[in-house]
Undergrad: 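Have a look at this one before I ask anything.
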Amino acid sequence: MPGLNPQLLLVLAISLGITGYHFYYAKRLRKCEQLELVNFVVLTLAVAAIVSSIKLIILACTSGELEEILSTDGTVSLFLGAVAVIWISCVEIFKLFEK
């Protein structure tokens, strides 16, 4: 895919992860609570999942080769799976900020 540079997506995922963790860290400091590594890992993986799923959605919508291999049903399933991953990742991120 000419428009999606893997290095750019990696930088985007890292940037979103750091930004999200910054907000999480600031919230924990305001409450004087101890920070946990598990929450950092969950946040980082959720952001990476969102970025990779967006890439997968773009690929499913624009790749003619993928549609030849998977057919229309397979492409729709791939698209819905990526949307499900985004949904679940967003739910997990919101759970972190609700604590």
Side-chain angles (χ1 to χ4, degrees):
M1 249 181 147
L4 293 175
N5 186 351
Q7 289 82 15
L8 179 64
L9 287 172
L10 179 64
V11 169
L12 179 64
I14 291 171
S15 299
L16 288 174
I18 290 172
T19 303
Y21 191 68
H22 172 73
F23 287 120
Y24 176 74
Y25 180 75
K27 181 179 178 182
R28 289 292 179 187
L29 282 180
R30 271 187 259 127
K31 292 183 175 182
C32 295
E33 294 178 359
Q34 185 178 5
L35 300 172
E36 297 178 14
L37 179 62
V38 171
N39 294 335
F40 174 75
V41 171
V42 168
L43 181 63
T44 304
L45 290 176
V47 169
I50 290 170
V51 171
S52 63
S53 294
I54 290 171
K55 181 180 176 184
L56 188 60
I57 287 172
I58 293 169
L59 185 66
C61 292
T62 60
S63 176
E65 294 175 9
L66 191 62
E67 190 170 344
E68 289 176 12
I69 295 170
L70 295 177
S71 76
T72 304
D73 294 339
T75 306
V76 170
S77 297
L78 187 66
F79 179 85
L80 291 176
V83 170
V85 168
I86 291 172
W87 181 272
I88 291 169
S89 297
C90 288
V91 167
E92 289 301 316
I93 290 172
F94 288 131
K95 281 183 187 177
L96 278 178
F97 285 99
E98 286 178 354
K99 290 182 184 178

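Excluded from the calculations below are hydrogen atoms, water molecules and symmetry mates; all remaining heavy atoms, backbone and side chain alike, are included. Sequential numbering from 1 along the given sequence is applied to the chain's residues.
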Undergrad: Return the CD1 to CG distance between I86 and L56, rounded to the nearest 0.5 Å.
TA: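 Answer for the CD1-CG pair, I86 versus L56, is 9.0 Å.
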
Undergrad: Which atom names give the shortest non-hydrogen contact between L78 and A60, and what distance separates them?
TA: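 So the two residues come closest at CD2-CB, 4.1 Å.
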
Undergrad: Check whether any side-chain N or O of S53 sits under 3.5 Å from a backbone N or O of I50 as a donor-acceptor pair, and report yes or no.
TA: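 No, the answer is negative, given that no donor and acceptor are paired below the 3.5 Å cut-off.
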
Undergrad: Mind listing the side-chain donor-acceptor pairs of residues 87-94 below 3.5 Å, one per line with the distance, residues two or more places apart or on another chain?
TA:
{"unit_1": "S89", "atom_1": "OG", "unit_2": "V85", "atom_2": "O", "d": "2.9"}
{"unit_1": "E92", "atom_1": "OE2", "unit_2": "K95", "atom_2": "NZ", "d": "3.4"}

Undergrad: Applying side chain to side chain contact (heavy atoms under 4.5 Å, CB included), can you list everything that pairs with V41, at least two apart in sequence or on another chain?
TA: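 V41 satisfies side chain to side chain contact (heavy atoms under 4.5 Å, CB included) with L37, L45 only.
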
